[in-house]
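For reference, the structure is listed below as C-alpha cells.
Below, chains carry the letters A, B, ... as their sequence lines are ordered, and counting in each starts from 1.
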Amino acid sequence: MNYRFFDHTADVGIEARGKSLSSMFKSSAQAVLSIMKDRNRAKTSAGLYLELKSDRVENLLIEFISEIIYISEVKSILPSEIRMLKVKKLQSGEYLMKVLLETTKAEKNSRPRKSIKGATFSGLSVEEKDGSFCARFILDV
Amino acid sequence: MYKRELRLVSENLYEIEKKGSMNVPGRIYANDNILRSIDINVLSQIENVASLPGIISYSLAMPDAHWGYGFPIGGVAAFPFPDGIISPGGIGYDINCGVRLMKTGITYREVQKKIRPLTDKLFQNIPLGLGQGAIYRPDKAELSKILSRGAQYIVEKGFGDKEDLQRCDSNGCIPEADAEAVSDRAKERGLGQLGSLGAGNHFIEIDVVEEIFDEHFTREAGIFKGELFLMIHSGSRGLGHQITTDWISILMKEIRKKDIFLRDRQLVYTEANTEAGKRYFSAMNAGANFAFANRQLMSHKIRTMFTQYLSNQARVELICDCCHNIAMKESINGKNIIVHRKGATRADPKEKTIYGNKSFSSPVIVPGSMGSGFHLLSPEEKCADTFFSLPHGAGRLLGRKQACRKFKENDIKKELMNKGIYVKNYSSEGVSEEAPGAYKGLEDVVETVTKVGLARSILRGRPVGNIKG
C-alpha cells in the first residue's frame with residue numbers, strides 16, 4: 001500500500017506514490033478503490049477494461065477517477081481490484097492509460113465506504129522527484 | 001509560514017485586507033467561538049476567490065465556512081452579469097443541494113412511540129445510499145421536461161400541490177435551463193436516481209418544534225410548540241455531479257488556451273456572456289431543476305407514508321425549500337449580478353411567501369448536526385451586505401478522518417438515543433463522520449448572524465429521528 005489519506009475538513013485527501021508513473025497511478029487507484037469497494041462483497045465478479053488518453057498527466061488522473069465514478073453508478077458495478085494498470089507517455093506528448101479492473105455487481109446489501117461525487121482539481125498535483133512520482137488530490141464525497 | 005491579519009470590522013465581522021493578486025478584501029462572519037476554530041485553509045480559499053476577475057465588493061465567508069475545494073464551503077461571491085464570470089468552483093458538484101422543511105400538524109406527544117418504526121419505514125422506502133434507486137423513473141424525453149421545469153412538472157404529475165411550489169425557492173423551477181446543454185452521461189445517471197436521498201451528509205430528519213421566537217409568523221403558518229416537523233437534505237445526485245465534471249473539463253481546456261493563471265484550478269471559469277458561459281449556466285440550471293424535482297418527489301412520498309402510517313390527522317405542508325449550492329442571476333441596486341453560493345443560502349427579506357393570510361420574508365432553514373436540530377431564520381435588511389445570503393448549516397469543525405478516529409458509530413448512536421434521537425444509517429463510517437462533535441455549534445452560527453443583524457430566529461427545532469444516507 002503506497003498511499004495515505006490526509007485530513008481534509010469536508011472531503012477526502014489522497015497522497016499516492018510510486019517508482020514509476022504506472023505504479024503511482026496504481027497506488028492512486030488503490031486508494032480510490034478502497035473507498036468504493038463493497039464491504040459486503042457480492043459473489044458475482046467480472047472484469048472492466050478501460051483505455052483513456054489525456055494531454056496532461058494530472059488530467060488523466062481526474063478523468064480516470066471520473067470514469068469509474070460514472071461506470072459504478074450507471075452500470076451498478078463496484079471496482080474491487082486492479083488486475084493491470086499501465087500509463088505511458090506517447091510521442092505526441094499525450095498520456096495513455098490502460099487498466100483492467102476486477103468488479104463486483106452492486107446489490108441492495110452492497111456497502112461501499114462512501115459515495116464519491118467527483119475528483120476535484122483543487123490542490124491537484126503530480127510531481128516527479130529523484131525518480132519517484134507523487135500525486136496529491138482531493139475527492140468530493 | 002502563512003500569516004494573515006484579521007481586522008475587526010464590527011462585532012462578529014472580520015476582514016482580510018486586499019493584498020497581492022486579490023481584487024477585493026475578504027470578509028468572514030464569526031463569533032469568538034467560531035473564530036477560535038477557524039481553519040487557515042478557509043482564509044486561503046477566501047483569498048483565492050477574492051482574486052477572481054470582476055468580483056464585486058468582497059469575497060465572503062459565512063460563519064459555517066469550512067475548507068472545501070475552489071470556494072470554501074460557506075463561500076459567497078458576486079460578479080457582474082452577463083459581462084462577468086461564472087465558475088463551477090463556486091457551486092460545487094452537487095448542484096442545488098438544498099434543504100426542505102415541512103410541518104405535519106400533529107404533536108410529537110401523540111405519536112412519540114411510533115417515531116422509531118416510522119424512521120425504519122422511511123429508511124426502507126426512500127431510496128438512499130449509493131448508485132441507482134428512484135421513486136419515479138422517467139424516460140429520456142420526460143427527463144428533459146424535468147430538467148426544464150423542475151418541481152413544477154413533478155407537481156403536475158400528481159406528486160404534490162401548488163402550495164409546495166409557492167413555498168419553494170424559485171417556485172421549484174429555474175427558467176433558464178436547457179436540457180440540451182446536459183450530456184447523455186449526466187442524463188443516464190439521473191434517469192435511475194429521481195427521488196433518492198444519496199449518501200454522505202444527506203439526511204431525512206424528524207424534528208419537534210421546541211421554541212418559538214416569532215409568534216406572529218407561527219400563528220399565521222399554523223405552527224405550534226411540540227409540532228412534528230420533517231426535514232430533507234439532498235441535491236441533484238449523479239446528474240448534477242456529472243454536469244459539473246463535464247463542464248469543468250470543458251472550461252479547463254478553454255482557460256488553458258487563454259493561458260490564464262488560477263490560484264486553484266477548481267476555480268476555473270468562463271465569461272457568462274460567451275457561448276460556453278451561456279451553455280454552462282443553462283446546464284447548471286437544468287441540474288438545479290432536477291434537484292427541485294428530486295426533493296419534491298421525496299417529500300411527497302414521505303407525506304403519503306406519514307399520513308398512512310402515523311396519523312390520518314396529519315397534514316404535511318411545505319414551509320420552505322432552500323438551495324445552497326448554486327449561482328443565481330439577481331439584481332441588486334439596479335445592477336444585474338450573478339451570485340455564487342457554495343454552501344450558503346439565498347435570503348432576501350424582500351422576497352415574500354404567503355403563510356395563512358399574510359406574506360412574510362421567505363424563511364431560511366439552518367440545520368445543525370444530527371444532534372442539534374435546526375433554526376428557521378427570517379432574513380433582515382442587513383442581508384444586503386452578504387448579497388442576500390445566510391449560512392446553510394453548522395459547518396464542519398473536524399475533518400472526516402479526524403471524526404472517524406475520534407467517534408465510534410455505536411457510541412454516537414447510543415449517546416443520541418439517550419437524548420431521544422433515533423438514528424438509522426446506511427454507512428457506519430457516515431455516522432462517525434457526521435457525529436455532532438465533528439460540527440461547529442449551531443447556536444454559535446445563529447448567534448453570529450443574529451447579532452450582526454443578518455437575520456432573526458423564528459423558531460428552533462430538536463431532532464427525534466434521523467436517517468443518514
Inset, instruction - For side chain to side chain contact (heavy atoms under 4.5 Å, CB included), just list the numbers for A:Phe121 and B:Ile248, CA-CA rounded to whole Å, side-chain angles, deciding distance to a tenth of an Å, and then say yes or no. - result: CA-CA 9 Å; A:Phe121 282 86; B:Ile248 284 181; 3.4 Å; yes
Legend entry - Any donor-acceptor N/O pair, B:Tyr93 side chain to A:Ala119 backbone, under 3.5 Å: yes
Inset, instruction - Check B:Gln45 against A:Ser122 and note the closest heavy-atom contact, atom names and distance. - result: NE2-OG, 4.4 Å
Legend entry - NZ (B:Lys258) with more than 12 external heavy atoms under 6.0 Å: yes
Legend entry - Pi-cation contact, A:Tyr70 with B:Arg185 (under 6.0 Å, within 45°): yes
Legend entry - Atom NZ of B:Lys406 with >12 non-hydrogen neighbours under 6.0 angstrom: no
Legend entry - Proximal component of B:Gln402, with respect to chain A [non-hydrogen, under 4.5 Å]: both
Legend entry - CD1 on A:Ile138 to CG on B:Asp264, rounded to 0.5 Å: 8.0 Å
Legend entry - Step-by-step side chain to side chain contact (heavy atoms under 4.5 Å, CB included) determination, B:Arg189 to A:Ile69: CA-CA 10 Å; B:Arg189 287 176 76 173; A:Ile69 295 170; 3.5 Å; yes
Inset, instruction - With sequence neighbours excluded, tell me which residues meet side chain to side chain contact (heavy atoms under 4.5 Å, CB included) with A:Arg56. - result: A:Glu58, A:Asn59, B:Arg256, B:Arg265
Legend entry - Any residue of residues 67-74 of chain B which, by heavy atoms, sits under 4.5 Å from chain A: B:Trp67, B:Gly68, B:Tyr69, B:Gly70, B:Ile73
Legend entry - A:Glu73 and B:Gln193 side chains, donor-acceptor separation under 3.5 Å: yes
Inset, instruction - State which residues pass salt bridge (charged side-chain N to carboxylate O under 4.0 Å, His left out) with A:Lys117; sequence neighbours excluded, sorted by chain then number. - result: B:Asp94
Result block: side-chain N/O donor-acceptor pairs under 3.5 angstrom for residues 11-19 of chain A, not counting sequence neighbours:
residue	atom	partner	partner atom	Å
A:Asp11	OD1	A:Val141	N	3.4
A:Glu15	OE1	A:Arg136	NH1	2.6
A:Glu15	OE2	A:Arg17	NH2	3.3

Legend entry - Side-chain donor-acceptor contact under 3.5 Å, B:Asn41 with A:Thr9: no
Legend entry - Atom group of B:Arg263 that falls short of 4.5 Å from chain A, counting heavy atoms: neither
Legend entry - Region of B:Leu267 that comes under 4.5 Å of a non-hydrogen atom in chain A: neither
Legend entry - Shortest non-hydrogen contact between A:Ala10 and B:His66, atoms and distance: CB-CD2, 3.8 Å
